[in-house]
Amino acid sequence: MGGMANRLADETSPYLLQHAENPVDWWPWSEAAFEEARRRGVPVLLSVGYASCHWCHVMAHESFEDQATADYLNERFVSVKVDREERPDVDSVYMEAVQAATGQGGWPMTVFLTPSAEPFYFGTYFPPGPRHGMPSFRQVLEGVATAWSDRREEVADVAGRIVRDLAARSIRYEQPQPPGPEELAGALLELTREFDAERGGFGGAPKFPPSMALEFLLRHHARTGSDGALEMAQATCEAMARGGIYDQLGGGFARYSVDAGWVVPHFEKMLYDNALLCRVYAHAWRSTGSAPARRVALETADFMVRELGTAQGGFASALDADSDDGQGRHREGAYYVWTPGQLTEVLGEEDGRWAAGHFGVTEDGTFEEGASVLRLRDRAGGDGESGDGDGDGDGFGEDGAARLASVRERLLRAREQRPRPERDDKVVAAWNGLAVAALAETGAYFDRPDLVEAASAAARLLTELHMRGDGRLVRTSRDGTAGPSAGVLEDYADVAEGLLSLYSVTGETSWLDTAGVLLETVLRHFTDPDGTLYDTADDAEALIRRPQDPTDSSTPSGWTAAAHALLSYAAYTGSSRHREAAERALGIVRALAPRAPRFIGWGLAAAEAALDGPREVAVVGPHTDPGTGTLHRTALLATAPGAVVALGEPGSPAALDVPLLRDRPLLDGRPAAYVCRDFTCDAPTGDPEVLERALRS
């Protein structure tokens, strides 16, 4: 056993703990590691990954568990392991360097650094032997060691140039302006050009769920009435829900599809994907009344609670792609795929044949060794690409729906007997904030108070364990113990977003107040006066550059998430300071939307809310009065982009504490709703139909 066990055994990151028994003498990211490199005069190997990363596991098994490779590393390098989910700041800085140097990136990320943490050689996965024109990991190590030994000045020169190039990439702009109707129409046009009209989604393989672009499309339709925006959103939602990327038995989405048709997924399931998609499908139902969208939203919410819920009330980060296939082999997708024989064994001959046809299970399979990924097919046996209007999206009517439910239940019960994928049970603040928003809204829309309570439990964990008394967050926790890393911008913004959504559903002012504390930290420590935002606080650990990325990738960027939360908070409180900060932040959307709308989707969604107002709805009345509940639900179901909803009883502390509720009396002694923009309100109404029309106009 190497010295690694002494250094990583006490870490909270499951990814680091996976490497605690490697013969490699690993260090966690720390000043002590770089001091050791300076003392020994050797370069640093920085290896970045995460617990559910398939190729991280492969490289660990092939190279980091190999004694000869470990001996070479231990002699000539200081080796540092980083969980990208725990330290997104470290990952972001060096991934930017990798992408600039190689044109691509990914995990595991392999970077060689000077003892001053300056990068000079890059890569991702390296095989144990030369393969497909790729050098072996040992060849890379030998080449780097030789360069360090024989050409140290050249290495230093390369590292210096890279650091200067990264520093020059900092984003600054003058007089930022949020995008207007023309820019948002231009973004829609560009998305239309990139839309895959045959299979849904944007671009080709691999194809990722475009959750934030879908939110923009739904909001754009609500604001403008654009049929094209709604059609792209509907077609993509339907194609994903019918594809193999969606777990047809247990609910929830895999990370991405390796093909362009959503058939074969990369099987890891991430909390952030499912939180974002749960919310999108709930909003799609809100816009269209689609029963399949309702089913997917609820199944995805139930998946998060059932499979990712932790004992402390939070949500785990991910489920691994790999699991034991029952024959002692660790294989990607083994938990999820089926052969015709396996279906027959569980369901019997007749139902087995029916399920094979319905789910597209064939003898030659769609995955490895004749196994198939389950996906929904239409009644003719082809790949189903659209909804069918029968209330369940299955194409078989009521009898078929009942049969499908029975088949799903039996297959799910059988699947649960298989060896399960490993779970990364680290709780990440930002992703839990996304889950709070999704579960609160889904629970409110579909009368599922258990989901609202799950959102509340996660919010309590975030505010009691992750949040310090000074309004600062820690990024992660595990088993009720806070992790070592400071929160980054996305943590503050996404948690604030979740708390604001939870407030709109529950009317509990503590959530609004806490969101305000978090956003105050954003304004004080993450924002420059000109509106420029950074991913780390002004008093955070100094890296080779202060990380800053406004683009939305697999999650909303901290930048656009902050803009959205600031905008919503301003709508509740009337704070011009927060409104102006949101509009300054949205200046980056104006700059990026015309050429890269797919990568600024949450920013576009926030810009739609800003253009619409956003609408502010105050619902006042006794909590025990059914009329109050009806008006509240009507307001929550409004499709007006980014509308905020406040609930309270006139004269109560809650009403007095929330500016949007102040001086909003009952209407002739009965519950009332006020629809406002910038605190200028229409006449109050107690009629849900009048309220609904007001929120559509």
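We're numbering straight along the sequence, starting at 1. Quick note: numbers below take in every heavy atom, side chains included, and nothing from hydrogens, waters or symmetry partners. Bear in mind that the values here come from a model prediction, so they are computed numbers and not experimental data.
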Are [X] and [Y] side-chain neighbours, meaning at least one heavy-atom pair lies under 4.5 Å?
X	Y	answer
L188	S226	yes
S52	M270	yes
S504	Y572	yes
L500	W511	no
D450	V305	no
F202	L191	yes
L230	H220	no
L439	E453	no

Donor-acceptor contact below 3.5 Å, side chain [X] vs main chain [Y]:
X	Y	answer
D424	S317	no
N432	V428	yes
T639	S287	no
D91	R87	no
S13	L16	yes
T532	D528	no
D535	D549	yes
D491	L473	no
R598	S553	no
R423	E307	yes

Assess whether salt bridge (charged side-chain N to carboxylate O under 4.0 Å, His left out) is satisfied between D678 and R579, documenting all intermediate values. CA-CA 10 Å; D678 197 21; R579 174 77 190 207; over 6 Å; no

What class does the angle between the rings of W431 and Y272 fall in, given that below 30° is parallel, 30 to 60° is tilted and above 60° is perpendicular?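 Correct class here is perpendicular.
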
For the pair W602 and H564, name the ring-plane relationship: parallel under 30°, tilted 30 to 60°, perpendicular over 60°. parallel

Under the salt bridge (charged side-chain N to carboxylate O under 4.0 Å, His left out) rule, what pairs show up with a residue in residues 494-503, not counting sequence neighbours? R279-E497

Test log, rule salt bridge (charged side-chain N to carboxylate O under 4.0 Å, His left out), inputs E85 and R475: CA-CA 9 Å; E85 297 172 349; R475 177 162 174 83; over 6 Å; no

Non-hydrogen atoms of L184 and E608 that approach each other most closely: CD1-OE2, 3.4 Å

Closest approach of A429 to V474 (non-hydrogen atoms, all atoms of both residues):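 Looking at all heavy atoms of both residues, the closest pair is CB-O, 4.0 Å.
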
Counting heavy atoms not belonging to D539, are there more than 12 under 6.0 Å from its CG?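 Yes.
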
Look at atom CZ of R524 and say whether more than 12 heavy atoms of other residues, nucleotides or ligands are closer to it than 6.0 Å.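 Count not over threshold, so no.
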
Run R633 and L636 through side-chain contact (heavy atoms from CB on, under 4.5 Å) and show every step you take. CA-CA 5 Å; R633 177 175 169 78; L636 290 173; 5.6 Å; no

Is it true that E96 and R545 make a salt bridge, defined as a side-chain N closer than 4.0 Å to a carboxylate O?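 Yes.
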
Pair R577-E520, side-chain contact (heavy atoms from CB on, under 4.5 Å): steps then yes or no: CA-CA 10 Å; R577 177 168 168 254; E520 185 63 29; 2.9 Å; yes

Salt bridge (charged side-chain N to carboxylate O under 4.0 Å, His left out) evaluation trace for R255 with E268: CA-CA 6 Å; R255 181 69 197 89; E268 63 183 332; 5.2 Å; no

Does Y246 have its ring centroid less than 6.0 Å away from the ring centroid of Y281?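 Between Y246 and Y281, the centre distance exceeds or equals 6.0 Å.
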
Derivation of the side-chain contact (heavy atoms from CB on, under 4.5 Å) call for R546 and T536: CA-CA 7 Å; R546 192 175 177 190; T536 53; 3.4 Å; yes

What do the steps show when you test C237 against L214 for side-chain contact (heavy atoms from CB on, under 4.5 Å), and what is the final call? CA-CA 8 Å; C237 285; L214 294 174; 4.1 Å; yes

Do T560 and S557 have a side chain donor and acceptor closer than 3.5 Å?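 Looking only at side-chain atoms, S557 and T560 do form a donor-acceptor pair, the distance falling under 3.5 Å.
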
In sequence, state the C-alpha distance, the side-chain angles, and the governing distance for F446 and W285, and then conclude on ring pair (Phe, Tyr, Trp, His ring centres under 6.0 Å). CA-CA 10 Å; F446 304 123; W285 169 83; 4.6 Å; yes

Walk me through whether D612 and R677 qualify under salt bridge (charged side-chain N to carboxylate O under 4.0 Å, His left out). CA-CA 8 Å; D612 192 65; R677 280 191 175 98; 3.5 Å; yes

Taking the six-membered ring of F303 as reference, does the NZ or CZ atom of K269 fall below 6.0 Å from its centre and within a 45° cone about the axis? yes

With a cut-off of under 6.0 Å to the ring centre and 45° to the axis, is R664 in cation-pi contact with Y674?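 Verdict for Y674: a cation-pi partner in R664.
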
